[in-house]
Engineer: 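After the structure tokens below, expect a handful of questions from me.
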Amino acid sequence: MLLAWSPLMAAGWQPVVQLACPDGALTIDARPYNRNEAGGSMLELRYRYRGQALDAVHFEGYYRNLDGYRLRDPARSYNFGLDLDTTGLSTFGDHERGDTLYLPPSLADAAEVRRLADCIADNRALLHARLRNTVIVSHSLLGLMRNTARPQMDGIARLIHAESPFLGIYQHTHLLLVLRDGRVMAHTDFTADSPADAVQIGRVEQVGKGRPTLRLKARYRLRGKLEEARYLFQWPHHRSGRALQDDYRIELEPEAKP
């Protein structure tokens, strides 16, 4: 529930494109957050199928650090032919960008997913045009500044018939992954030519009503460096800019005495 105006929650959802697919509409809309004085902002993209929000992950935005979590079963994964940068390196070529969408089996059977995949493929040109060129507008509190942004995507990269492995991805000096299986992982976010490291630092639990609870180690080591979990509280969500503590209650486990 929106209780008060915040600069992180600007204008609300604005339409990008809607596809009239055989079993229901696939709708993409966006809302701005983190407006800046230069007149721009960041955008949160939302994908809905038949009114249900779908989880989305921009895998290539994390080099290859999340590749191990991506389902590769060809019977349940549809690739839409974008020229993605899968090198995992800091390259600056003319590659395309797109999110991977997850459609849970509880929402659609295999035949319906195939029809949706065909609909996405048939509308590739429309998706490219709208995701590249749609202008999302927001204004400052007093309406004195107009901020604009574009989604800067080229289409949808993949459709996967499964639950997303992630409940949340947060990023600052490294990645914090809240996984559907209950684990909370700290993961490096370096390019593929640097050694990766990951460590479990806690678990997520649903205790009563309201936000889930993260039970985290107060300190942990990643690539040999001692990190303190108290600095994670304000880390931003990878798609919305919300802080970790906005999405979860956080409890730090006391360190064991030597």
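As the structure is a prediction and not an experimental result, all values here were calculated from the model. This chain uses plain numbering: 1 for the first residue, then up along the sequence. All values below were derived from every heavy atom in this structure, side-chain atoms included, with hydrogens, water molecules and symmetry-related copies excluded.
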Engineer: Taking all non-hydrogen atoms of both residues, which atom of Leu131 and which atom of Pro151 are closest, and how far apart?
Structural biologist: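 Closest approach of Leu131 to Pro151, heavy atoms only: O-CB, 3.2 Å.
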Engineer: Please examine the side chains of Leu54 and Leu103, heavy atoms only from C-beta on, and report whether any two atoms are closer than 4.5 Å.
Structural biologist: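 Heavy-atom side-chain distance check passes, below 4.5 Å.
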Engineer: Kindly assign one of parallel, tilted or perpendicular to the pair His174 and Tyr220, based on the angle between their ring planes and the thresholds 30° and 60°.
Structural biologist: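 Geometry flag for Tyr220 against His174: perpendicular rings.
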Engineer: Does the distance from a Lys or Arg side-chain N to an Asp or Glu carboxylate O, for Lys217 and Glu253, drop under 4.0 Å?
Structural biologist: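 A salt bridge is absent here (no side-chain N lies under 4.0 Å from a carboxylate O).
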Engineer: Looking at every non-hydrogen atom in both residues, tell me the closest pair between Ala196 and Thr188 and how far apart they are.
Structural biologist: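 Smallest heavy-atom distance, with atoms named: CA-OG1, 3.4 Å.
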Engineer: Would Arg97 and Gln152 count as having a side-chain donor-acceptor pair, cut-off 3.5 Å?
Structural biologist: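 Checked: Arg97/Gln152 side chains show no N/O donor-acceptor pair below 3.5 Å.
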Engineer: Contact between Leu232 and Leu214 at the side-chain level, heavy atoms closer than 4.5 Å - yes or no?
Structural biologist: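 Not in contact.
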Engineer: For residues Leu159 and Arg114, determine if any side-chain heavy atom of one lies less than 4.5 Å from a side-chain heavy atom of the other.
Structural biologist: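 The answer is no; the side chains never approach within 4.5 Å.
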Engineer: Can you name the nearest heavy-atom pair linking Arg223 to Pro195, along with the distance?
Structural biologist: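 Minimum heavy-atom contact is NH2-CG, 3.7 Å.
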Engineer: Within a strict 4.5 Å, meaning less than it, do heavy atoms of the Leu82 and Arg124 side chains meet?
Structural biologist: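 The answer is yes; the side chains approach within 4.5 Å.
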Engineer: Using a 4.5 Å cut-off between side-chain heavy atoms of Ile, Leu, Val, Met, Phe, Trp and Tyr, which other residues end up in the same hydrophobic cluster as Tyr63?
Structural biologist: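 Same cluster as Tyr63: nobody, lone residue.
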Engineer: Using a strict cut-off of less than 4.0 Å between a Lys/Arg side-chain nitrogen and an Asp/Glu carboxylate oxygen, indicate whether Arg48 and Asp29 qualify as a salt bridge.
Structural biologist: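 Between Asp29 and Arg48 there is a salt bridge, with a charged N closer than 4.0 Å to a carboxylate O.
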Engineer: Which one of Thr134, Leu101, Val17 satisfies the side chain to side chain contact (heavy atoms under 4.5 Å, CB included) criterion with Ile28?
Structural biologist: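 Per the side chain to side chain contact (heavy atoms under 4.5 Å, CB included) rule, the option paired with Ile28 is Val17, out of Thr134, Leu101, Val17.
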Engineer: In the structure I gave you, are the side-chain heavy atoms of Tyr62 and His238 within less than 4.5 Å of one another anywhere?
Structural biologist: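 In contact.
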Engineer: Any idea which heavy atoms bring Glu205 and Arg215 closest together, and the distance?
Structural biologist: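 Of all heavy-atom pairs spanning Glu205 and Arg215, the closest is OE1-NE, 2.8 Å.
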Engineer: Taking atom NE2 of His187 and atom CD of Gln200, what is their separation to the nearest 0.5 Å?
Structural biologist: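 With rounding to 0.5 Å, NE2 (His187) is 13.0 Å from CD (Gln200).
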Engineer: Nearest 0.5 angstrom please: Leu177 CG to Leu66 CG, how far?
Structural biologist: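 If I round to the nearest 0.5 Å, the distance is 6.0 Å.
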Engineer: Would you call Arg50 and Asp23 a salt bridge, taking side-chain N to carboxylate O under 4.0 Å as the test?
Structural biologist: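 Salt bridge absent between Arg50 and Asp23.
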Engineer: May I have all residue pairs that pass salt bridge (charged side-chain N to carboxylate O under 4.0 Å, His left out) and include part of residues 98-108, sequence neighbours excluded?
Structural biologist: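 Found Asp99-Arg239.
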Engineer: So that I can tick it off, tell me whether Asp73 and Arg76 are bridged by a salt bridge, with the cut-off set at under 4.0 angstrom between side-chain N and carboxylate O.
Structural biologist: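 The answer is yes: the pair qualifies as a salt bridge.
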Engineer: Please, which pairs that meet disulfide bond (SG atoms under 2.5 Å apart) have at least one residue in residues 153-194, sequence neighbours excluded?
Structural biologist: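 Passing the test, one end in residues 153-194: no pairs.
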Engineer: Considering all heavy atoms of both residues, which atom of Leu43 and which atom of Ala149 are nearest to each other, and what is their separation?
Structural biologist: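 Scanning both residues completely, I find the closest heavy atoms to be CG-CB, 3.8 Å.
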Engineer: Please output the side-chain donor-acceptor pairs of residues 165-173 that fall under 3.5 Å, not counting sequence neighbours, one pair per line with the distance.
Structural biologist:
from: Tyr170; atom 1: OH; to: Asp247; atom 2: OD2; distance (Å): 2.6
from: Gln171; atom 1: NE2; to: Asp189; atom 2: OD2; distance (Å): 3.1

Engineer: When you compare the side chain of Ile120 with that of Asp122, does any pair of heavy atoms fall below 4.5 Å?
Structural biologist: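 The answer is no; the side chains never approach within 4.5 Å.
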Engineer: Considering all heavy atoms of both residues, which atom of Pro212 and which atom of Gln206 are nearest to each other, and what is their separation?
Structural biologist: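 Of all heavy-atom pairs spanning Pro212 and Gln206, the closest is CG-OE1, 3.5 Å.
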Engineer: Not counting sequence neighbours, list each pair that qualifies as a salt bridge (charged side-chain N to carboxylate O under 4.0 Å, His left out) and has a residue in residues 155-173.
Structural biologist: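 Residue pairs passing salt bridge (charged side-chain N to carboxylate O under 4.0 Å, His left out), neighbours aside: Glu60-Arg158, Glu163-Arg180.
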Engineer: Holding to side chain to side chain donor-acceptor pair (under 3.5 Å), I want the full list of residues that pass it with Tyr49, two or more places apart in sequence or in another chain.
Structural biologist: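 Expected list: Glu112.
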